[in-house]
Number of protein chains: 2
Amino acid sequence: MTELEQKCIDAGLKMTGQRRAILEVLERADDHPSVETVYLRSKEMDSSISIATVYRTLNLLGQMNLVKKHDFNENHARFEANLEQHYHFIDVNTGEVVEFKDEELDARLRQIANDLGFDLVDRRVELYGHKNPDNEGDS
Amino acid sequence: MTELEQKCIDAGLKMTGQRRAILEVLERADDHPSVETVYLRSKEMDSSISIATVYRTLNLLGQMNLVKKHDFNENHARFEANLEQHYHFIDVNTGEVVEFKDEELDARLRQIANDLGFDLVDRRVELYGHKNPDNEGDS
DNA sequence: GTACATGCAAATGCTTTGCCCGCGA
DNA sequence: TCGCGGGCAAAGCATTTGCATGTAC
């Protein structure tokens, strides 16, 4: 049983085949799949799934804070089950999304919110650019 | 003549009444108006404007990098003509958007991109939270 | 005059929802 | 059994677009 599945059961959700498939897709994904992608992948496990169920399930998980919804300046949403605080770099050429963490950035953002007199409940940092081939960064 | 208008003329765009109205709305706005809002405001200056023209003009200005498009986790886009690098704090209770700048943050983001081996072409930082009434931040 | 701009309405594309049947607990 | 969950198709909504007309230059 996946970790997500356990959380859903604990929350009192009925564990159907469709939900199990979707949860497994999310748990396995190391990218940030769109609804369509989640749909296609989960359909391989349970061909009876409809895209309406994927939408409903993803929204449900979103409300339960088990998945996070992103938009990355596209015309469709993307989802991820990685709940650890992190940020994203989007390659504007390929659409590839790279996750990164940075404690100095965390701290600065907290400081800024505090200085502004705000309670921070969420944050979004997205860097857009190109992979730089002559840089040692991806070596 | 507004600054935006001059830039559009320089770029070879025909300066119609509708465009003048939309440009003026953008130039005057100190908030981050939605398409609908830009439409309503510009309609007051030129009642013949259709929302299709607003969409077309806003997209055009976006491509020309004269306005920036945001989504702020809503179901519609918002626009702003403020081209200086800045970030946003969104009050999750009121939807109010506060702009801020921070050089330390700028520097950190540049450093991160560099370390990752990326060329930075755009960045988005959005902090979500509540105005904290017992904090001196907004005094 | 000519190419570009606009209004209108239809079309799109993503997402949501009503309805009724099916199934998990 | 009973009510939640799901499939299907229709509806919603923001946005885009085809087409014919209008207009800036």
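Every chain is numbered from 1, with letters handed out A, B, ... down the list of sequences. All of these numbers come straight from a predicted model, not from anything done at the bench.
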Check: When you match B:His76 and B:Met15 each to their closest nucleotide on DNA chain D, which lands nearer the 5' end?
Finding: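 Closer to the 5' end of DNA chain D: B:His76.
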
Next item on the list: With DNA chain D as reference, determine whether B:Lys69 or B:Thr16 sits nearer its 5' end, using the nearest nucleotide of each.
Entry: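 The residue closer to the strand's 5' end, by nearest nucleotide, is B:Lys69.
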
Notebook entry, point to check: About how many Å separate CD of B:Glu96 and NE2 of B:His130, when rounded to the nearest 0.5 Å?
Noted result: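 Reported value, rounded in 0.5 Å steps: 14.0 Å.
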
Margin query: Once rounded to the nearest 0.5 Å, what's the spacing between atom CG of B:Asn82 and atom CD of B:Glu84?
Written below: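 It comes to 5.5 Å.
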
Check: Between the side chain of A:Arg20 and the main-chain N/O of A:Met15, is any donor-acceptor distance below 3.5 Å?
Finding: yes

Margin query: When you measure from the side chain of B:Arg78 to the backbone of B:His32, do you find a donor-acceptor pair of N or O atoms at a distance under 3.5 Å?
Written below: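 Yes.
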
In this structure, how many angstroms lie between the [atom2] atom of [N] and the [atom1] atom of [X], rounded?
X       : N      : atom1 : atom2 : value
A:Ile49 : D:dC8  : CD1   : C1'   : 15 Å
A:Ile9  : C:dA25 : CD1   : C1'   : 11 Å
A:Glu74 : C:dC14 : CD    : C1'   : 13 Å
B:Tyr39 : C:dT6  : OH    : P     : 14 Å
B:Glu36 : D:dT16 : CD    : P     : 14 Å
A:Arg19 : C:dA25 : CZ    : C1'   : 13 Å
B:Leu13 : D:dT23 : CG    : P     : 19 Å
A:Lys14 : C:dG24 : NZ    : P     : 9 Å

Item checked: Residues in side chain to side chain donor-acceptor pair (under 3.5 Å) contact with A:Asp122, at least two apart in sequence or another chain ->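 Partners of A:Asp122 under the side chain to side chain donor-acceptor pair (under 3.5 Å) test: A:Lys68.
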
[options]: which one has an atom nearest the side-chain heavy atoms of [X]?
X       : options               : result
B:Ser50 : C:dG7, C:dT15, D:dG7  : C:dG7
A:Asn75 : C:dG13, C:dT15, D:dC4 : C:dG13
B:Ser48 : C:dG24, C:dA5, C:dG7  : C:dG7

Notebook entry, point to check: Any side-chain N or O of A:Gln18 under 4.0 Å from OP1/OP2 of D:dG7?
Noted result: yes

Check: Between B:Lys69 and B:Glu80, does a salt bridge (Lys or Arg N to Asp or Glu O under 4.0 Å) hold up when you go through it step by step?
Finding: CA-CA 7 Å; B:Lys69 187 175 182 174; B:Glu80 70 173 339; over 6 Å; no

Note to self: If you count heavy atoms of other groups shown closer than 6.0 angstrom to CD of A:Gln111, is the number above 12?
What the structure shows: yes

Note to self: Can you list, in residue-number order, the parts of residues 51-64 of chain A that come under 4.0 Å of DNA chain D, counting heavy atoms only?
What the structure shows: A:Ala52, A:Thr53, A:Arg56

